[in-house]
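Every chain is numbered from 1, with letters handed out A, B, ... down the list of sequences.
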Amino acid sequence: MTEQPIMPVLGSEIFASRPVDPGTLRSRISDRLRLHTVEPGTPVDPLTYEVIRHRIWSITDEMGETLKRMSGSPGVTEANDFDFAICDELGQEVQVGLYNTGLVASIDYAIQWTLQNRADNPGIEPGDMFLLNDPWVGGGLHQNDAAILAPLFVGDELFGWTASTCHLIDIGGAKPGSANLSAGDVFTEAVPTPPIKLVRGGEMQLDVLQAFIRRSRMPILVNLDINAEIAANRVGHDRITRLVDRYGAATVKAVMKRMMDDAESRLRERLRSVPDGEWSSTGYIEGAVIGDRALRKIELTVRKTEDRLQLDFTGTDPQGGAVNCPYTGMRAGVMFALLPMLAGDIPWCPGGLMRTFDLISEPGTIVDATFPSAVGVAPLSAAWEASNLVAECFGRMMDVAADSTPRVQAGCTGAFDMVTLAGVDQRGAPVVSILFDTMAGGYGARPSSDGCETAGVAPIPQGRAPDVEMTEFLNPCLYLWRREQTDSGGPGTYRGGQSISICLVPHKTPAPLAASFFGNGKGRPAVPGLAGGYPGGPQVDLVARGSAARALLSSGTIPSSLSEIGGDLEIVPSKHETLIGPADALFLHPSGGGGYGDPLLRDPRSVTTDVRDGRVSVHVAGQVYGVVLTDGEPDLEETRKRRAELRSRRAGSGSVASPVPETGGTAPQGQQLNSALVVADGVARCVRCGSPTGSAADPYADSTIVRGPVDHALDGVEFPSELYTDDVVQLTQWACPGCATLLRTVVTAERQEPVADPAL
Amino acid sequence: MSYVIGIDVGGTFTDAVAADDSGTIVGAKTPSTPHDYAECVLSAVDQLAGKLGVTAGQLLADTKYVSHGTTASLNALITGSAEQVGFVTTKGHADSIFIMNVESRYLGLGEEAVKDVITTAKPAYLVPKSHVVEVTERVDFEGEVIVPLDENEARAGIARLLSQGVRAIAVSLLWSFQHPGHERRIREIVHELDPDVFVALSHEVSPRIREFSRNATTILSTQVAPSLRRYLEPLQGTLAERGLKGPLLIMQSSGGTIHADAAPQSAITTVGSILTGGVTGARRLSARLGHDNVVTADVGGTTFLVGLLVNGEPIREASTVINQYPVNVPTIKVDVIGSGGGAIAWLDDGGNLRIGPRSAAAVPGPAAYGTGGTEPTVTDANLVLGILNPDYFLGGQRRLRVDLAEQALLTHIGEPLGLTAAEAAAAVYEVQNAQTSDLVRKVVVSAGHDPREFAVYAFGGAGPVHAAAFTAELGARELVVPLGAAASGFSAYGLASSDVILTAELSDPMPLDAAAPDRIARGYDLLERRVRNALTEQGIDFSAIEIEREFDARYTAQMFEVTAAAPAGQVDEAFVSAMGQRFDQRYTELYGQGAGLPAAGRQLITLRVRGVGRMPFDVTLPSLEAATSPVENAIKSVRPVLLDLREGFVDTPAYDYAALRAGHRIPGPAIIEVDTTTVAIPPGRLAHVDEFGCIRIPLT
């Protein structure tokens, strides 16, 4: 499609936050502001450290409780779309909450920007609080994320900051909810606001408050959420002040610094335990606005050197349409993946954790969008897809060392499939709801276990899908089914978790329902598998026009498959708006989790159980897992033959070596690359048969490359990628030249030549 | 003479008390016997009889009722000895119990576990997929039948379950509480096929909206019922054989009891059986002592339980979490915040001192037990600091080895951090106190209250050691260590003094502001009839019956309901608007002024009626005689003890509790050795013994 180029806005650069080292930052802060600090490495005895550390955790916890309780918006109470932080005097985050982990990725930037730009005018004084919803500055990923920053003074010195940030339900712009799926630039979205002094010396500034809430379609709710954020900060201040009174500012600050140092050094130690190397991954955003069929590419290379990470997004497509995120969104994408994968067992002190990586990006791309690009849907688009790539690279990086293998996980759920229904409810009142059933995507498989089924989305550790009865009470609809969808988990030696599917019909409503869809990963499976495992099944949303469902219900039958639903199946693209009429049925299905390892190595008994429990179809069992069932039991001889046949097909020739599990031989020794490969004496070898697959620098050089289309089917209905995009999407697999065991599986657009790595 | 008996069978010990109508209370303690809990129940009865100077037969013959807290239900769930259950549900919705609304992946887990997202996992399935039968039938949100029940399909599915060896079936259909007909018909079909199969219907077990927790509650109840019945029937038989004429009553999660005959039918209500005795005991005591707001801290060897009394009543909740499943069962709010005296002290990967949540439990136990434990625990630290007396732990029942405790502290904490064993012990003590106050504070604050308005009641073997320190840190007003006549079994005392509580509820979601009074009146009438009938069936001559109405409501667009009390009397328009006001009031109480959003509208979700049958027996605490000799006479010994880090080891008198009398004042630092626990009084505090024998330490 043709689109207007984004014209740079002169004077907007000052709002673009970039990392700044503490020394430079200090030099840029006005002398008017006195900062409280302690020497690095100031000792604290272990007892005092642990008492204060625990108390700081308990204070963040209480801030979160306060915010959650006082808020009235469903984003906060249902989707946990909020978070908060306690920071030191420079805004480095000491402790954050367990809610939306991307929101805290740029609170430090927001504070650093405020320190540099507000200390002289209007000044940063005791009792002040600053409000912002400018994602270029920080504190959130898009304009809906409003952060409130509260400087905390001890005497006349700025001791630290508390901050809360929360997704506000509507802050204006062209579309209700402030997500404009046709936005060309930020001027057709909600207005971003850089830090403004909302509370002055403890007193709310009514003019400032009203200037902010005036833009909203739901000012009462927004006001309530802002009150909740202020209250959370006050709780934080009250309790930190008591802590300082009791132990002294220097001791508390020393603990704060050490908490960050401790988290940093533990993450560095983890990084050191992994061999140095480089891992790359490519992902896409499907459609930049409603009606667009193009794929936009995100490129990532992760380089690990000793105890440092570099995440390089060079090569990512230029910004455009509604699917961009600013620099802060890219950093959020990194934190979405880094916190659970690398730091699940390390304290979440981002101020320390974030010192371990550098980001490289090209301004003006979809992951580093410059003003005035549209960024209103940043969390669900570029930021989330970036996090999928980061997760995949981290997964492969951690797979290289036996010590870190327990923290390896293939991709989880992919993008959130956000579906909003609006209409007239069964009582005649207007109703708008997000169908949070799509939270129930599948988690990725791990090197020794299947992925958790219908487990949630990675960025929100405590997400939730509502009960059917509650959805039907609140909305004019009737669910035909809500189930774990067969074949949605990525095939592998260990299978990715299944994702949910729901099918509903409008019920007792006088009017059609207006549906809006914002997803990604429909035209291609976007949730990567690892070590040869397949990606998780793609998102599929459908409208069955003129469905037979109503007639079937009237005749005493409950339809349970797409073929029974009947009607014309209308494929819903990633970004779409449509009406659901009384005779239509709506089917929603988020992505499943990625698989780990070659599915031909999966224990036939596990496949049998999967088939019995409806997790895998007989067809996929035979074609992908190579397991032949007779009367529901595995036929081991036929399975062996089928698997040999599938291997021959991969190899393109008649004869292949048998892999180790079948010969009972011993695996070759060497540096593990993942569960499929080892490197010894500069040669990479297949763990299964010992065949060389390449060199240490290019371990896949001599492997067999198998290419084919991405095919996906549900209930016998095919979903080829050309339904969604004009780009040709393909599956590329690297197989061992000896036994044809899969070593790696990726999905790319054909114009893209997939790169096989790692290169150690 | 007539008696009542309370028996609390815990994981490690069984506590019992017997009270007579003249104000005498005696206590007994005996090891629990997991192979057959009836054994320890009977042995406790023997001990009680011995202390009263009567035979067990005489005691039982004169006993009005036995109130029993049991782990039988919970154990059945935890140990997997639960019944093989089949599950019948609406076509298209079998996977509700596997999807678990996503939330069971993290529900009830601590912060550390939730944070390690990759390693979180859903709990074991309630039933295997092969034991689920979907039946064609559909009812909508207002109870209209959209698709009638396909009886032939149901019969075929149930026959398949029976052929798989299933002997108990849970039936839970969508919207069954709005239209119970389909569930009832399925029960008939099961019984047509096999009249002996146990069937539970969700609209009877838990007629509440939200199918996942209703499904889970119905299945769990079905799993527990047969084993509870197998436990209670012979126990009732044996007690009757030995002379008991009064009923055996089983404690429920609600803090009230239910007749043993009726317990298996609502088996799930007994899973919290042993958790609530402490709170009900504290409720009785608080009325005597004049405390409105109380935090109960019940600390044993393996758990640290916190409960709350507000305005003299326990905080009630409509649901709880069991094994990561949300379960609809009326519950007294009791939070497990830690791992008790057995909590292990360790250094994390960053070299930081951490305590718990892992516990040395009873096996291998703290290092000082000398029973194989090598990791240092809180108990080991207390011993090294001189707070515990190695020769008088639990009244001398167990000798403690100071050398082993020191060794464990030195090896795991002291040497890596460059501390002596005593310094390491002091660090553990201080950290434990500070963190306990953080966690107790969280419980109080998240219930919408201010800790400064509370007294703390500390009990359990490991509670009173740390209580004075964490209570002060918390900012609470006073510490009470309930001792005296009921010392050996505060929970058992709570049991003996509990009333029968039965609850009935029904979801009938509707916009509250426009609700028709008729509809609410019909709901409450039905529930009140149910509760009154059920109370009558208990066969107890209650001194009074009280009926309380409550309801769950929420502001539109919010996810969870808040429970509020409904007015008594005629249900008319004024009643409905009073419900709205009471809901707003309760919401404000919980979440603060201005937090609610009445402009969004209110939704009424569930009506509930609680019936309380007051027991015709008032268990009173006997008074302790007043002190006549100086308190110094009660000093057993003086030893160096560290109770405050800044002061280090200080020569501290250890008092013999048995020699203390009402009115005695004990200045800190001091240790009071009781045969069941140890009370530490920090420097600068002044404790006194009250008329019931409780140790009281005012803090503000």
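- The distance from atom CG of B:N101 to atom CZ of A:R464, rounded to the nearest 0.5 Å, is 5.0 Å.
- In this structure, chain A has a heavy atom under 4.5 Å from the side chain of B:V445, while its backbone stays farther away.
- Distance check, rounded to the nearest 0.5 Å: CD1 of B:I118 to CD of A:Q409 gives 4.5 Å.
- A salt bridge links B:E473 with A:R246: at least one charged nitrogen is closer than 4.0 Å to a carboxylate oxygen.
- Contacts of A:S58 with chain B are made by side-chain atoms alone, with heavy-atom separations under 4.5 Å and no backbone atom involved.
- For chain A, the nearby part of B:I605 is the side chain; its heavy atoms alone come within less than 4.5 Å.
- Under 4.0 Å is where a charged nitrogen must lie from a carboxylate oxygen, and between B:K442 and A:E62 no such pair does.
- Judged by distance alone, with hydrogens and angles left aside, the side-chain atoms of A:D467 form a donor-acceptor pair with the main-chain N or O of B:F212 at under 3.5 Å.
- Applying the 6.0 Å contact sphere to CZ of B:R452 captures no more than 12 heavy atoms from other residues, nucleotides or ligands.
- Both the backbone and the side chain of A:R407 come within contact range of chain B, judged by heavy atoms closer than 4.5 Å.
- For B:L417, the part lying under 4.5 angstrom from a heavy atom of chain A is the side chain only.
- Of all heavy-atom pairs spanning A:A440 and B:I99, the tightest one is CB-CG2, 4.4 Å.
- Interface residue A:L478: backbone and side-chain heavy atoms are both found under 4.5 Å from chain B.
- For a residue to count as touching a neighbouring chain, one of its non-hydrogen atoms must lie under 4.5 Å from one of that chain's; by this rule B:R441 touches chain A with the side chain only.
- Looking at B:M100, neither its backbone nor its side chain comes within 4.5 Å of chain A, counting heavy atoms on both sides.
- Within the 4.5 angstrom heavy-atom criterion, only side-chain atoms of A:R242, from C-beta onward, approach chain B.
- Ranked by heavy-atom pairs shorter than 4.5 Å toward chain B, the options A:M341, A:R482, A:R53 are led by A:R482.
- Contact record, B:R105 with A:P461: NH2-O, 2.8 Å, taken as the closest heavy-atom pair.
- Interface residue B:T119: backbone and side-chain heavy atoms are both found under 4.5 Å from chain A.
- For A:I558, the parts lying near chain B are the backbone and the side chain together; criterion is any non-hydrogen pair under 4.5 Å.
- Looking at A:H54 and B:L439, their side chains come closer than 4.5 Å, going by heavy atoms from C-beta outward.
- Heavy atoms of B:D150 lying under 4.5 Å from chain A are absent altogether.
- Interface remark: A:Y49 contributes side-chain atoms only to the contact with chain B (heavy atom separation under 4.5 Å).
- Remark: A:E472 engages B:R138 in a salt bridge, criterion side-chain N to carboxylate O under 4.0 Å.
- A side-chain donor-acceptor contact under 3.5 Å links B:Y106 to the backbone of A:G463.
- For chain B, the nearby parts of A:R483 are the backbone and the side chain; heavy atoms of each come within less than 4.5 Å.
- Of the listed residues (A:R446, A:E65, A:R427), the one with the most heavy-atom contacts under 4.5 Å to chain B is A:R446.
- Residues A:R55 and B:S437 bring a donor and an acceptor atom of their side chains to less than 3.5 Å of each other.
- Only the side chain of B:E144 comes within contact range of chain A, judged by heavy atoms closer than 4.5 Å.
- If you measure heavy-atom distances from B:E111 to chain A, the contacts under 4.5 Å come from both the backbone and the side chain.
- B:I146 contributes atom CD1, which lies 4.0 Å from atom NE2 of A:H507 (distance to the nearest 0.5 angstrom).
- A distance-only check finds no donor-acceptor pair linking the side chain of A:E484 to the backbone of B:D95 [under 3.5 Å].
- When heavy atoms are compared at a cutoff of 4.5 Å, A:D613 approaches chain B by way of both its backbone and its side chain.
- Residue with the most contacts toward chain B among A:V468, A:I500, A:L553: A:V468 (heavy-atom pairs, distance under 4.5 Å).
- A:E469 pairs by the salt bridge (Lys or Arg N to Asp or Glu O under 4.0 Å) definition with B:R214, not counting sequence neighbours.
- Two residues are said to be in side-chain contact when any heavy atoms from C-beta on lie closer than 4.5 Å; A:Q426 and B:D140 fail this criterion.
- Within the 3.5 Å criterion, the main-chain N or O of B:K129 finds no donor-acceptor partner in the side chain of A:R612.
- Atom CG of B:D438 is separated from atom CG of A:D61 by 10.0 Å, given to the nearest 0.5 angstrom.
- Contact annotation for B:A426: only backbone heavy atoms (N, CA, C, O) come within less than 4.5 Å of a heavy atom of chain A.
- The part of A:A343 that comes within reach of chain B is its backbone (N, CA, C, O), which places non-hydrogen atoms under 4.5 angstrom from that chain.
- Judged by distance alone, with hydrogens and angles left aside, the side-chain atoms of B:K91 form no donor-acceptor pair with the main-chain N or O of A:S560 at under 3.5 Å.
- Residue A:D345 touches chain B through both its backbone and its side chain, counting heavy-atom pairs closer than 4.5 Å.
- Taking CG of A:L47 as the reference point, atom CG of B:L645 lies at 5.5 Å (rounded to 0.5 Å).
- With a 4.5 Å cut-off on non-hydrogen atoms, B:Y125 touches chain A through its side chain but not through its backbone.
- No part of A:P559 comes within reach of chain B, as not one of its non-hydrogen atoms sits under 4.5 angstrom from that chain.
- At least one donor-acceptor pair under 3.5 Å links the side chain of B:K115 to the backbone N or O of A:I346.
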